[in-house]
Amino acid sequence: MSADPTQVLAFETDCHIFDGCGFPAPGLHSFMFEPLWGDADSNVYFNKTMLLALLGSIVIIGFFWAAFRKPQVVPGKLQMVAEAGYDFIRRGVVYETIGKKEGEKYVPLVVSLFFFIWMMNLWSIIPVAQFPVTSIISYPLVLALIVYVLWVSLTFKRHGFVGAFKNFTGYDKSLGAVLPLSMTIEFFSNLLVRPFTHAVRLFANMFAGHTLLLLFTIASWYLLNGIGIAYAGVSFIMVIVMTAFELFVQALQAYVFVLLTCSFIQGALAEHH
């Protein structure tokens, strides 16, 4: 295999314990891919993560189109699954956080975000793909930026400039002498730290989860030699356990992202006291 760090494979397939080669630990090279089209040096290219994001979007659109293109009063299995997923986000996240009256108009956005993120996460355990798109920081950043722009614009639209300023800074004249310090902290926390953590929370969890899966998968292969086979079995069991755990984390992180999105929207719409 080439020493080029942008190779798709995360490890040397002919390297095993007791063969005189070190453990090929996963690293940043495990998250870098050669362009499928274009030139990476010119920053105009199309790679595996972009392909997965595109395919994921097509899968989601195709699923909901197939489920609702001919809706039935008595839904079939596909329509029933789609309705259950849509209703779960609408009632369990949007209505519970924002309220039915204010939240209805944001349901399509939140549902789209949830299923898109979930699909991007699910690629991690799908054969051949085996990579979570959201473990590349640019994808969560763009999604968080969309939410951030919506949140800020809604705040200004609902409260005006002065009201929005109070909303962002947590203005409360009862704080007295500590009010300037409190407002400064709240301002930077709300407008800088909050959107950053919104993106990083999703990215970090998927990055860490994929790294652990890679670690145990590589170890299972690396230990397949001599007495190491016994340890390879243990490592493979951990691959199965981590895969099951990742299934839970993938859905949870999509849920947390949209829950925070609804929390931001609710904060933008709430009256400041």
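Every heavy atom of this structure was used, including side-chain atoms; hydrogens, water molecules and symmetry mates were not.
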Side-chain donor-acceptor pairs under 3.5 Å in residues 68-81, sequence neighbours left out?
unit_1, atom_1, unit_2, atom_2, d
Gln72, NE2, Lys70, O, 3.2
Gln79, OE1, Gln72, N, 2.9
Gln79, NE2, Gln72, O, 3.1
Gln79, NE2, Glu83, OE2, 2.8

Scan the side chains in residues 129-138 for donor-acceptor partners under 3.5 Å anywhere in the protein, sequence neighbours excluded, and list what turns up.
unit_1, atom_1, unit_2, atom_2, d
Thr134, OG1, Asn121, OD1, 2.4
Ser135, OG, Pro132, O, 2.6

Between the CG atom in Leu269 and the OH atom in Tyr106, the distance rounded to the nearest 0.5 Å is 5.0 Å
Identify the two heavy atoms, one from Val93 and one from Val258, that lie closest to each other, and give their separation to 0.1 Å. CG1-O, 4.0 Å
Leu154 side, atom CG; Gln266 side, atom CD - distance, nearest 0.5 Å: 12.0 Å
Please check if the number of heavy atoms outside Tyr86 that lie under 6.0 Å from its OH is greater than 12. yes
At what distance, to the nearest 0.5 angstrom, does CZ of Phe264 lie from NE2 of His198? 5.0 Å
Once rounded to the nearest 0.5 Å, what's the spacing between atom OG1 of Thr197 and atom CG of Leu192? 11.0 Å
What one should report as the nearest heavy-atom pair of Ala53 and Phe116 is O-CE1, 4.2 Å
Minimum heavy-atom distance between Asn47 and Glu34, given as atom pair plus value: CB-O, 3.9 Å
What pairs with Phe248 under side-chain contact (heavy atoms from CB on, under 4.5 Å), at least two apart in sequence or on another chain? Phe245, Leu252
Could you tell me which non-hydrogen atom of Gly267 sits nearest to which non-hydrogen atom of Asn167, and how far apart they are? O-ND2, 3.1 Å
Are Leu51 and Trp37 linked, directly or through other ILVMFWY residues, by side chains that come within less than 4.5 angstrom of each other? yes
Among residues two or more places apart or on two chains, list those pairs meeting ring-ring contact (aromatic ring centres under 6.0 Å, His included) that have a residue in residues 48-67. Phe64-Phe115
Looking only at atom types and distance, does a side-chain atom of Thr184 sit under 3.5 Å from a main-chain N or O of Pro180, one as donor and one as acceptor? yes
Give, for atom CD1 of Ile89 and atom CG of Leu259, the distance between the pair rounded to the nearest 0.5 Å. 9.5 Å
What do you reckon, is CZ of Phe46 surrounded by more than 12 foreign heavy atoms closer than 6.0 Å? yes
Centres of the Trp151 and Phe168 rings: under 6.0 Å? yes
I'd like a table of donor-acceptor pairs (distance under 3.5 Å, sequence neighbours excluded) in which one partner is a side-chain atom from residues 225-233, with atom names and distances.
unit_1, atom_1, unit_2, atom_2, d
Asn225, ND2, Ile17, O, 2.6
Asn225, ND2, Asp19, OD1, 3.1

What distance separates Tyr95 OH from Asp87 CG, expressed to the nearest 0.5 Å? 8.0 Å
Above 12 or not: heavy atoms from other molecules or residues under 6.0 Å from CZ of Phe165? no
Step by step, would you call Thr49 with Trp123 a side chain to side chain contact (heavy atoms under 4.5 Å, CB included)? CA-CA 10 Å; Thr49 59; Trp123 283 125; over 6 Å; no
Side chains of residues 208-216: which donor-acceptor partners sit under 3.5 Å, not counting sequence neighbours?
unit_1, atom_1, unit_2, atom_2, d
Thr211, OG1, Phe207, O, 2.8

Shortest non-hydrogen contact from Ala219 toward Phe23: CA-CE1, 3.7 Å
Side chain to side chain contact (heavy atoms under 4.5 Å, CB included) for Thr169 and Asn190? Distances and angles first, verdict last. CA-CA 8 Å; Thr169 59; Asn190 285 328; over 6 Å; no
Under a 3.5 Å distance rule, please check whether Ser153 uses its side chain to pair with a backbone N or O of Leu150 as donor and acceptor. yes
Does any part of the side chain of Arg90, heavy atoms only, come nearer than 4.5 Å to the side chain of Glu104, both counted from C-beta? yes
Please find the pair of heavy atoms, one from Gln250 and one from Ser124, that lie closest to each other, and give the distance. NE2-CB, 3.6 Å
Using side chain to side chain contact (heavy atoms under 4.5 Å, CB included), reason through Leu179 and Tyr171 one step at a time and then give a plain yes or no. CA-CA 7 Å; Leu179 180 59; Tyr171 176 81; 3.6 Å; yes
